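What follows is a single structure, written as structure tokens, with notes after it.
First the proteins, then the strands, lettered A, B, ... as listed; each starts at 1. Predicted model, so just to flag it, every value in this text is computed and none were measured.
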Number of protein chains: 2
Amino acid sequence: MDIKIVDVAARAGVSTATVSRVFNHSAGVTAKTKQRVMQAIEEMGYHPNATAKNLRSQKTLTIAVIVPDINVAYFTEIIKGIENMAYLKNYKLLICDAENQKSKELDYLNLLMNRTVDAAILIAPLLSDDEIRGISDQGYIVAVIGRYLEHKSIPCIYTDNIKFSLTVMRHLFACGHRDIVFLSGYAESMDSVERLEGYKQALQQQNLPYRPELIESGDFNELGGYDAINRLLGRGVTFSAVYAANDEMALGVYKACREHGLSIPEQVAVVGVDNNRISEYISPAMSTVNQPKYTMGIMLAEKLIDLMNDNEFADKRTFKVNSELLIRASSSFKREV
Amino acid sequence: MDIKIVDVAARAGVSTATVSRVFNHSAGVTAKTKQRVMQAIEEMGYHPNATAKNLRSQKTLTIAVIVPDINVAYFTEIIKGIENMAYLKNYKLLICDAENQKSKELDYLNLLMNRTVDAAILIAPLLSDDEIRGISDQGYIVAVIGRYLEHKSIPCIYTDNIKFSLTVMRHLFACGHRDIVFLSGYAESMDSVERLEGYKQALQQQNLPYRPELIESGDFNELGGYDAINRLLGRGVTFSAVYAANDEMALGVYKACREHGLSIPEQVAVVGVDNNRISEYISPAMSTVNQPKYTMGIMLAEKLIDLMNDNEFADKRTFKVNSELLIRASSSFKREV
DNA sequence: AACCATTATGTAATCGTTTACATTTTCTTT
DNA sequence: AAAGAAAATGTAAACGATTACATAATGGTT
């Protein structure tokens, strides 16, 4: 059904090689021939078959983006950055929603093995560092975003979870808080682990005990945050601040507090992470930790594509980006100590 | 570098045909041979090259999903549905963020022409109905979501914008509102056009005049809604209710109202569209129109894949799904008339 | 044991490009 | 105008799987 290169060649009265040369702007074609071929291409509406091209060139110009959950705004902002750079560099994006399941993540990695894609970008993966290194060592091109991973050939961009956790906690300490709830996301997620670690270190630096009863976890979504607070209150735990591992959960905290008549920030201070677009629009505006999500996507995609095209690399492959705590109304109330 | 079928064949001491048969569970292979081949496959870690397979089978098992903006939650919920069904049916998804530009949308459609994908799903496209029909008539497989489009071979799933606009307006009328602002998204978007049309019809049914000064537009995002309200107030327009074409803009309305000391819902009622997960978590909970986004994705993807595999079709290809107005606190205040 | 029917396996064409190499044409130079 | 260099074009072999068809092996029947 489709027009093939032989059809165009026949119509223009040349060989397929010449048509190919014209289409790919290769040198060594007479202006006259070129013109004739162009016309045939035009008239017949020829579109070179991408699969055949891929097979011959051993490239698909496609990148798999494996993400824990496409419904989380944090990830889509990163994806937007990746997509913009990919579009610019003529790459396509295969989107893989792992749905927070390691099995699905692994399954999607087969796209690398069977050469459906040239490379894979893992966003906040569930796979262990060693597993990821193993894939790279087998010769597959992978890049990681949102997790620190040292390896000679894995581009990686991340932010220091422990560091910003310390910043968040110091801010809460400065506001007079001592009983601070930490609301983790998926316990297996590295982000959760590291943010909790920062929470613990902060307590230690302040000579405060680590109290497991102040730790709860949700699923990185609104309902998870909401339920977590209800569980805490149900257990009779008292607290004056909540540090949630992301904004979605923090929003759930808002609702739960409202329902229990706890005013934010007077009775409960709330700090989230990720700086969702909505967090500055809600009331009270939510304090949160901002990461340059879009830029991270842009940077990583560019680095990865450069790597694939052998344009220099070795120099630098691991990038730490800064996060900044945005103090808004939800944590701006200073209490007496 | 990769292991090819010939390598496996050599190792197992059989022909490539036999290896292929074993791998694809074709009948007619001795248990003994099968076992030997399986072992070779196992030992060598053979993964059949997808590109070669695609070229031979003239299929890529890939669907392009063209979306106006990957950062809008409404779209990602639909995408999630599509992805879940695609995963189930062994299809891959190429994600295309058209960034609300028709040019980019058109560009991405080339993926159909060059057979990078077997089909394309257009979510709330900017292309005209005729343009979409034209693509289908050229023999390419397309499906549309979020827009009504009648065509013999285009699966389509949509909701009746005009109808739910009427419902929203009647609800606002019932609460005593007469000066109702309509906040449109991109003016070119069909959703905007139809929702506005419903707004107009509702006024007419109520014998109220259509007042252009009550119409503003944003870009379907928070800032757009925020700016729009500020423009209205700057112009000295008075109103008691805002019907925003989506929840993101409605959230911007929340912020603008707050800053101007207008309380929701007592002084201004707000209704959005899409039922973002956040809308029930903010305060006051936002009235909004719910669509079965996830299900729409699931249904359309299934229909499309069936179509591609020639499993019956003709019967039905256009689906209208119901939207329901969720009345929450943001529009639950009844004013005197 | 010879024959035929059945089943298992192998051979080679095919999918639609790109490109190394061979061949032909054009252009210089004398 | 002939010869040689340079440029344009063509031929055919890849890329790595699937599969129609040909062939070989097995099994059953007499």
Subject >> By side chain to side chain donor-acceptor pair (under 3.5 Å) - contacts of Y148(B) (at least two apart) >> reply: E150(B)
**OP:** Kindly determine whether L304(B) and I121(B) satisfy side chain to side chain contact (heavy atoms under 4.5 Å, CB included), including the steps that lead there.
**Re:** CA-CA 9 Å; L304(B) 177 64; I121(B) 296 178; 3.5 Å; yes
Original post:
Is the number of heavy atoms from other residues, nucleotides or ligands under 6.0 Å of K59(B) NZ greater than 12?
Top reply: no
**OP:** At the 4.0 Å heavy-atom cut-off to chain B, mark where contacts on DNA chain D begin and end, going 5' to 3'.
**Re:** dG16(D) to dT19(D)
Original post:
Under 3.5 Å, is there a donor-acceptor pair linking the side chains of H151(A) and D129(A)?
Top reply: no
Original post:
When the aromatic ring centroids of Y87(A) and Y108(B) are compared, is their separation below 6.0 Å?
Top reply: yes
Original post:
Are Y158(B) and F319(B) near enough that their ring centres are under 6.0 Å apart?
Top reply: no
**OP:** Indicate for each nucleotide in nucleotides 13-19 of chain C, in 5' to 3' sequence, whether protein heavy atoms under 4.0 Å reach the base (B), only the sugar-phosphate (S), or nothing (-).
**Re:** BBBBBBB
**OP:** Check L94(A) against V117(A) and note the closest heavy-atom contact, atom names and distance.
**Re:** CD2-CG1, 3.6 Å
Original post:
Looking at K80(A) and N71(B), what are the two nearest heavy atoms and their distance?
Top reply: CD-ND2, 3.7 Å
**OP:** Could you check how far NZ of K34(B) sits from P of dT7(C), rounded to whole Å?
**Re:** 16 Å
